[in-house]
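We number each residue from 1, following the sequence as shown.
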Amino acid sequence: LRSGDIVMKNFFMNLRLVLCSVALSLTAANAYAIISIGNLTVQSFRDETLQAYIELQTGAGEAITQQCLSLGKPDTEAENKLPYLTDATVSLDTRDGKQTVSITTAQPMSDNSFNLLLKVQCPGQLQVSRDFTVLLGTRSGNVLAIPMQPEPAPLSPAGSPLPGSLPEG
């Protein structure tokens with residue numbers, strides 16, 4: 001090969017490398033979605049069907065559809081060892097003008113604590129997920145009942161019970 005041919009061959013190899021890099025970076029740019037998963041709001045109690053909402057925030061031009069949403073379990077075991085809710089209906093709603101994920105169950109929730117992992121992954125996008133720990137209260141509240149204590153018998157100035165203040169027996 002002549003030196004001119006080698007220079008041209010190197011030029012075209014470098015050009016191909018640059019074009020492949022540009023194409024790869026454009027593909028990677030499309031794979032990153034600007035999606036933020038907000039906080040969980042629970043509007044139900046233990047022994048009721050679950051009604052929960054999570055607000056989503058998306059970047060301009062991002063479109064989330066019902067098919068992008070799912071519940072699941074993490075790849076690694078959770079630290080708190082609570083079960084994961086996977087049997088629920090997940091739907092996309094609009095509340096107060098914002099995209100919201102609604103999570104509902106058909107059966108009442110008998111567990112008072114569980115984990116919930118929301119996954120958002122639209123076709124051609126990377127997955128975004130958020131793990132929640134849910135603690136359900138009871139409708140009547142968690143009230144501690146303190147039993148009534150009998151009143152002590154009144155004492156005389158000498159410290160002995162007054163006559164008639166002791167139970168007869």
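- The CZ atom of R46 lies 9.5 Å from the CG atom of D111; values are rounded to the nearest 0.5 Å.
- Looking at Q125, its side chain never comes within 3.5 Å of a backbone N or O of C122 through a donor-acceptor pair.
- L116 places a side-chain heavy atom less than 4.5 Å from the side chain of I54.
- Taking CD of E48 as the reference point, atom OG1 of T138 lies at 9.5 Å (rounded to 0.5 Å).
- Within 6.0 Å of atom CD in Q66, more than 12 heavy atoms from other residues, nucleotides or ligands are found, so the atom counts as buried in its surroundings.
- Nearest approach of S110 to D47, heavy atoms of both residues: CA-OD1, 4.0 Å.
- Two residues are said to be in side-chain contact when any heavy atoms from C-beta on lie closer than 4.5 Å; P123 and C68 meet this criterion.
- Looking at L40 and V134, their side chains come closer than 4.5 Å, going by heavy atoms from C-beta outward.
- Atom CG of residue L50 and atom OG1 of residue T104 lie 7.5 Å apart, to the nearest 0.5 angstrom.
- Counting heavy-atom neighbours within 6.0 Å of K119 NZ, excluding the residue itself, gives a total above 12.
- Here the side chains of F114 and L135 are not in contact, with every heavy-atom distance at 4.5 Å or above.
- Within the 4.5 Å cutoff, side-chain heavy atoms of E55 are placed close to those of K98.
- Using a 4.5 Å cut-off on side-chain heavy atoms (C-beta onward), V90 and S70 make no contact.
- Residues F45 and L136 have side chains not in contact (no heavy-atom distance under 4.5 Å, counting atoms from C-beta outward).
- Side-chain atoms of R130 come within 3.5 Å of backbone atoms of G38 as a donor-acceptor pair (strictly under, hydrogens ignored).
- Exactly one of T89, L85, D87 qualifies for a side-chain contact (heavy atoms from CB on, under 4.5 Å) with T105. That residue is L85.
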Worked check of side chain to side chain contact (heavy atoms under 4.5 Å, CB included) between V128 and Q121: CA-CA 6 Å; V128 178; Q121 185 174 23; over 6 Å; no
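- Inter-residue side-chain proximity for Q99 and T58 is flagged as met; some heavy-atom pair is nearer than 4.5 Å.
- The structure places CZ of F132 at 9.0 Å from CG of L117, a figure rounded to the nearest 0.5 Å.
- Atom-to-atom distance recorded for D93:CG and Y53:OH is 7.5 Å, nearest 0.5 angstrom.
- Residue L92 holds its CG atom at 8.5 Å from OG of S102, rounded to the nearest 0.5 Å.
- One hydrophobic cluster holds both I37 and L71 under the rule that ILVMFWY side chains link at heavy-atom gaps under 4.5 Å.
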